[in-house]
Amino acid sequence: MNFFAELVEQSERLRYLPTRRLFRSETRVEQIARLRYLAWLWLAGGVAMAIATKVCFHLGARLGTAGFVYLIIIVLLSLMDSFVTSAVFSITAVGCLAFFFTQPIFTFRVGELRDLAALIAFLTTSLIITTLVRRVRWLGKAAREQARLLDLSHDTVFVRDMNAVITYWNHGAEELYGWKKAEALGKTSHQLLQTRFPVSLDDTMNTLLTTGRWEGELIHTTRDGSQVVVLSRWSLQRSANGRPISALETNNDITLRKRAEDALRRNQAAYLAEAQKLSLTGSFGWDPASGEIFWSEQSFRIFGYDLDVTPTVELTLQRVYSDDVALFRQVIDKATSGEQEFDCEYRLLMPDKSIKHLHVVAHVVTDEPGKRRFVGAIMDVTAAKLAAQKLHEAQTELARVTRVTTLGELSASIAHEVSQPLAAIVTNGEACLRWLGHPSPELAEVQNCVTRMIGEGRRASDIVHHIRTLAKKDFLQKTRLDLNDVIHDVVGLTQREVLSHKVSLCLRLASELPPLLGDRVQLQQVIINLMMNGIQSMDGIHGRPRDLLIESYMDQGGNLVVAVQDSGSGIDPENADRLFDAFFTTKPNGLGMGLSICQSIVEAHGGRMSAASRPGHGATFQFGLPAIIERSDDARAQSEFQGVAQSCSAIGAPQHPGPHSHGTVSF
Ligand code: ADP
């Protein structure tokens with residue numbers, strides 16, 4: 001309960017207490033002083049009554065006149081003391097009136113009925129006036145006591161009328177603000193204290209008038225010019241007919257607490273700034289409606305701007321790397337048009353031509369009704385990106401070395417295995433020639449030699465076949481797969497190549513494809529191979545877009561198809577028959593094993609590969625794999641799997657994504 005509420009409750013209790021208990025109990029000295037005062041009062045009252053009686057009697061005053069004079073004396077006595085004194089003197093006055101001023105005089109008998117009525121009226125009037133006077137005295141005393149209680153409070157308490165003129169000013173107010181009661185009374189409170197409100201005075205008064213209360217923090221200026229922060233509580237006082245008459249204001253000095261809170265906040269801000277510096281993470285706030293942006297110190301550091309610059313979207317754009325501007329604008333547009341969060345990566349081109357990689361995450365906060373504000377973090381991930389790039393390069397190099405080593409081993413094994421049948425074929429061929437060179441050729445021997453040569457040739461073929469099967473079934477680890485997931489995996493893995501070769505990658509994936517049974521890693525290998533071939537085939541393309549499209553769909557036969565289409569050099573029709581042969585390559589550093597292995601993997605999954613091309617305009621390599629279709633899904637499979645989701649990399653979508661129809665070379 002606040003101080004004022006306590007005070008009100010206390011004054012309510014006081015109202016119903018007997019007068020004697022109302023105020024503090026008297027000491028013995030005070031009792032003696034009071035008795036002495038009573039004795040003097042009674043003596044003075046008695047003398048006044050005697051003089052009044054004598055004067056009125058000698059002047060021959062009538063009953064009414066004498067009664068009026070007595071009434072004045074009784075009122076004066078009741079103003080000076082208790083009800084008992086007034087009552088005793090009222091009865092004495094009635095006695096005097098009956099003895100001296102009614103017929104027959106000098107007796108207490110009242111002869112006439114009219115005089116008796118007058119005496120009764122006198123007594124009643126005297127008692128009523130005495131009671132009223134006593135009540136007025138009691139109210140005055142209670143008000144003084146309440147004021148004394150308010151003075152005891154350490155809080156600042158003052159009362160002001162509806163024009164803000166101060167009508168009461170307690171001791172706490174004198175101490176806090178420095179003005180004495182006499183100086184403050186009659187002054188306008190808001191002018192005297194130079195009050196600074198959190199909201200306008202009109203709004204504050206509105207709240208007070210509608211709810212009867214107001215509470216908030218105010219800043220006041222004291223007499224010596226210093227400022228104090230107070231927690232202020234206002235209570236409205238209304239007249240009996242409900243009209244607002246005054247406001248009671250209790251103020252609690254919270255200046256020290258505020259200072260401590262500010263210091264704590266400053267400390268926390270300092271720690272936060274240091275942590276942001278260490279983690280290379282800045283924070284920001286952005287109001288898309290007003291365009292207003294807040295950056296932490298670290299954010300200014302990340303963007304390389306001075307702290308006195310006002311951050312704006314345009315200012316940020318000036319730093320965004322040209323290739324990422326479209327992506328950046330897309331994020332801003334989406335956020336402005338209602339997106340609740342964003343998570344993106346883009347690069348900055350700094351004035352010293354260095355590149356920074358940023359990862360930005362943000363979400364909407366609605367701490368103020370009707371306001372949408374993004375709060376987020378800007379992480380400088382340049383170091384992590386460079387490390388990842390180095391790791392990738394190391395992995396690529398390792399893969400190349402492994403490939404070369406594997407090829408070396410493979411070649412050695414092929415050479416070792418195949419050299420024997422080849423040597424046998426050569427030996428048999430020579431023998432065959434020798435038999436044929438005889439004057440009478442030994443045809444039976446020739447036949448034997450040729451049969452042996454065929455046998456050795458088959459052996460060599462079996463060895464090659466055996467080596468190829470190494471890439472097949474034996475190493476397959478088939479699981480239930482979502483083809484589009486496999487494509488997404490690969491897109492993630494090849495992102496760097498796509499960017500570094502300035503290729504625009506576009507995905508056109510049928511939604512809700514049925515699953516397939518396959519080896520995730522090997523299928524990834526197939527798609528990577530096809531993508532890398534496509535990317536390399538576009539290396540020499542200048543003056544037209546380098547577009548790579550990956551499609552997934554279900555064909556008429558219920559097979560899941562992946563097609564990789566490029567806009568590169570296309571396939572020379574002369575090479576069409578040899579594309580999938582092991583060791584066939586047209587590249588200076590090529591191995592010619594990629595497509596051959598891809599085909600082996602696809603076949604091991606029960607599928608087949610094919611290629612199509614428009615020479616000079618690109619090629620499409622595709623493979624189909626059987627889908628797992630649950631029997632119940634069979635009927636609706638075709639109709640359901642028609643939805644297509646298309647997404648392209650930020651660089652741009654291909655302009656001619658349709659299947660090649662002219663000059664197609666099929667295999
Ligand atoms: P490599 O890539 O080492 O040459 P591959 O077996 O992957 O081995 O490819 C064999 C050959 O097929 C390539 O050298 C190239 O001539 C041709 N080829 C493959 N993919 C494409 C393509 N997308 N566009 C044009 N030619 C291609």
Side-chain angles (χ1 to χ4, degrees), residues 396-397 399-411 414 464 467-468 470-472 487 490-491 493-494 497-498 501-508 522-542 544-551 561-604 607-623 654 656-667:
T396 313
E397 183 58 16
R400 197 185 66 78
V401 171
T402 312
R403 230 156 51 152
V404 171
T405 314
T406 312
L407 186 73
E409 285 168 7
L410 198 67
S411 314
I414 293 170
V464 171
I467 289 166
R468 287 184 68 195
L470 288 180
K472 288 191 187 173
I487 295 173
V490 171
V491 169
L493 289 169
T494 53
E497 269 70 19
V498 170
H501 287 78
K502 300 196 167 26
V503 167
S504 158
L505 175 66
C506 191
L507 301 183
R508 195 188 290 157
Q522 295 213 345
L523 291 180
Q524 283 175 357
Q525 224 175 312
V526 172
I527 303 171
I528 288 180
N529 231 305
L530 299 184
M531 280 182 75
M532 292 308 295
N533 276 348
I535 290 171
Q536 285 167 6
S537 81
M538 295 188 284
D539 267 350
I541 300 297
H542 298 287
R544 65 184 163 91
R546 299 175 177 188
D547 297 328
L548 190 68
L549 169 71
I550 305 180
E551 276 184 290
V561 178
V562 177
V564 179
Q565 176 191 306
D566 60 67
S567 61
S569 52
I571 301 162
D572 186 341
E574 274 184 18
N575 301 328
D577 293 338
R578 296 181 292 160
L579 283 179
F580 294 95
D581 287 355
F583 305 116
F584 170 75
T585 180
T586 55
K587 300 172 192 167
N589 301 318
L591 294 172
M593 292 297 287
L595 287 178
S596 150
I597 290 174
C598 286
Q599 195 180 38
S600 301
I601 293 172
V602 170
E603 283 173 3
R608 56 181 293 273
M609 280 198 80
S610 62
S613 171
R614 269 194 313 165
H617 289 91
T620 303
F621 281 78
Q622 64 179 50
F623 61 90
H656 50 89
H660 295 280
S661 49
H662 303 294
T664 296
V665 183
S666 297
F667 309 93

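When a ligand or atom number is given, it counts from 1 through the structure's own listing order.
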Within 4.0 Å of some non-hydrogen atom of T586, the atoms of ligand 1 are 13 (C), 14 (O), 15 (C), 16 (O)
Heavy-atom nearest pair, A563 first then T620, reads CB-CG2, 4.1 Å
among protein heavy atoms, the one nearest atom 10 (C) of ligand 1 is F584 O, 3.3 Å
Ranked by distance from atom 25 (C) of ligand 1, the top protein heavy atom is G570 O, 3.4 Å
Between I528 and the options M531, Q525, M532, the side chain to side chain contact (heavy atoms under 4.5 Å, CB included) test singles out M532
closest protein heavy atom to atom 17 (C) of ligand 1 is L579 CD2, 3.5 Å
L579 and A611 have their tightest heavy-atom pair at CD1-CB, 4.4 Å
Only residue of L530, I487, V490 satisfying side chain to side chain contact (heavy atoms under 4.5 Å, CB included) with I550 is I487
Atom 19 (C) of ligand 1: of N533, N529, I571, L548, the nearest heavy atom sits on N533
Closest non-hydrogen atoms of R546 and H501, given as atom of the first, atom of the second and distance, are NH1-O, 2.8 Å
request  = Please verify whether a non-hydrogen atom of G568 lies at under 4.0 Å from ligand 1.
outcome  = no
If you scan protein heavy atoms around atom 6 (O) of ligand 1, the nearest is L595 N, 2.8 Å
When distances are taken from atom 2 (O) of ligand 1, the protein heavy atom at minimum range is K587 NZ, 2.7 Å
Correct closest heavy-atom pair for S613 and G570 would be OG-CA, 3.5 Å
Residue, atom and distance of the protein heavy atom nearest atom 24 (N) of ligand 1 read S537 CB, 3.6 Å
Original post:
Would you call T586 and E574 a side-chain contact if the rule is heavy atoms closer than 4.5 Å?
Top reply: no
Note: ligand 1 atoms sitting under 4.0 Å from heavy atoms of T585 are 1 (P), 4 (O), 14 (O)
re atom 23 (N) of ligand 1, the protein heavy-atom contact at minimum distance is D566 OD2, 3.0 Å
Heavy atoms of S567 and D547 approach each other most closely as OG-N, 3.0 Å
Exercise. State if N575 counts as touching ligand 1 under the rule of any non-hydrogen atom under 4.0 Å.
Key: no
Nearest heavy-atom approach of F580 to L595 is CD2-O, 3.7 Å
for atom 22 (C) of ligand 1, nearest protein heavy atom and its distance come out as F621 CE1, 3.6 Å
